[in-house]
Student: 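Sharing a structure below in structure tokens format, with a few things to ask.
Values in this document were obtained by computation on a predicted structure and should not be read as measured data. Below, chains carry the letters A, B, ... as their sequence lines are ordered, and counting in each starts from 1.
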Amino acid sequence: RKEVEQDPGPFNVPEGATVAFNCTYSNSASQSFFWYRQDCRKEPKLLMSVYSSGNEDGRFTAQLNRASQYISLLIRDSKLSDSATYLCAVKGPLYGGSQGNLIFGKGTKLSVKP
Amino acid sequence: ETGVTQTPRHLVMGMTNKKSLKCEQHLGHNAMYWYKQSAKKPLELMFVYNFKEQTENNSVPSRFSPECPNSSHLFLHLHTLQPEDSALYLCASSLGVRTGALNTEAFFGQGTRLTVV
């Protein structure tokens with residue numbers, strides 16, 4: 001099982017739709033979780049951190065499910081400008097091979113159509 | 001404005017050339033990273049420096065040689081590369097990975113798009 005897995009998509013949705021992405025991680029001792037957004041030919045930019053209690057930032061909601069080892073990102077009322085690739089990142093435990101490094105998933109491509 | 005600056009933004013080099021990529025961060029971070037992103041592939045972690053000490057070398061070929069003279073600067077020296085090394089090379093920084101801090105999100109530079117001919 002890969003350390004961090006995401007459905008590559010693409011997710012093609014109309015404007016105004018609600019779309020959700022999941023990301024699974026293999027190491028149950030992982031400490032921190034993040035969602036990044038990457039536009040075509042640009043660098044990834046932090047979208048939001050994912051807290052145990054879940055967190056919301058405008059139209060974006062992130063959830064963590066430690067029991068099932070996945071994080072999710074929900075985008076409501078999607079805009080054309082939301083079209084991008086969404087990467088999840090997981091910080092592993094300080095011990096073992098991961099040494100607390102951030103491991104990224106392959107990303108999920110979202111395309112919002114008019 | 002970005003807290004992590006990479007130069008050059010674009011680089012075309014021959015297989016016999018030697019070049020260096022530079023990264024500088026102004027965020028007061030202690031950890032710096034090199035990632036490689038090839039077309040249609042995920043981000044691949046190459047090297048990690050934590051408080052100027054290399055803590056990760058993710059089985060990277062020796063034709064890539066990192067250097068971290070201080071916590072703010074990171075270099076990637078390139079020599080005798082292959083065409084398959086063409087990719088976007090991204091530098092990132094964060095708080096030290098060995099700290100107990102949870103807010104260790106990484107901030108990326110704009111990348112160097114490398115083409116090996």
Student: With a 4.5 angstrom heavy-atom cut-off, could you sort out which part of Glu44(B) is near chain A: side chain, backbone, both or neither?
Tutor: neither

Student: Using non-hydrogen atoms and a 4.5 Å limit, figure out which bit of Gln38(A) sits close to chain B: side chain, backbone, both or neither.
Tutor: side chain

Student: Output the option from Leu45(B), Leu88(B), Leu43(B) having the highest count of non-hydrogen pairs under 4.5 Å with chain A.
Tutor: Leu43(B)

Student: How are the rings of Trp35(A) and Phe21(A) set relative to one another: parallel (under 30°), tilted (30 to 60°) or perpendicular (over 60°)?
Tutor: tilted

Student: Does this structure show an ion pair linking Lys45(A) with Glu105(B), if we count only N-O contacts that are shorter than 4.0 Å?
Tutor: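 No, no charged N to carboxylate O under 4.0 Å.
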
Student: Is a salt bridge present between Asp39(A) and Arg41(A), judged by a nitrogen-to-oxygen distance below 4.0 Å?
Tutor: no

Student: Do Gln6(B) and Glu24(B) come close enough that some side-chain heavy atom pair is under 4.5 Å?
Tutor: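 No, every pair of side-chain atoms sits at 4.5 Å or beyond.
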
Student: Quick one: what part of Tyr36(A) sits under 4.5 Å from any heavy atom of chain B, side chain, backbone, both or neither?
Tutor: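 Side chain of Tyr36(A) only, per the 4.5 Å heavy-atom cut-off to chain B.
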
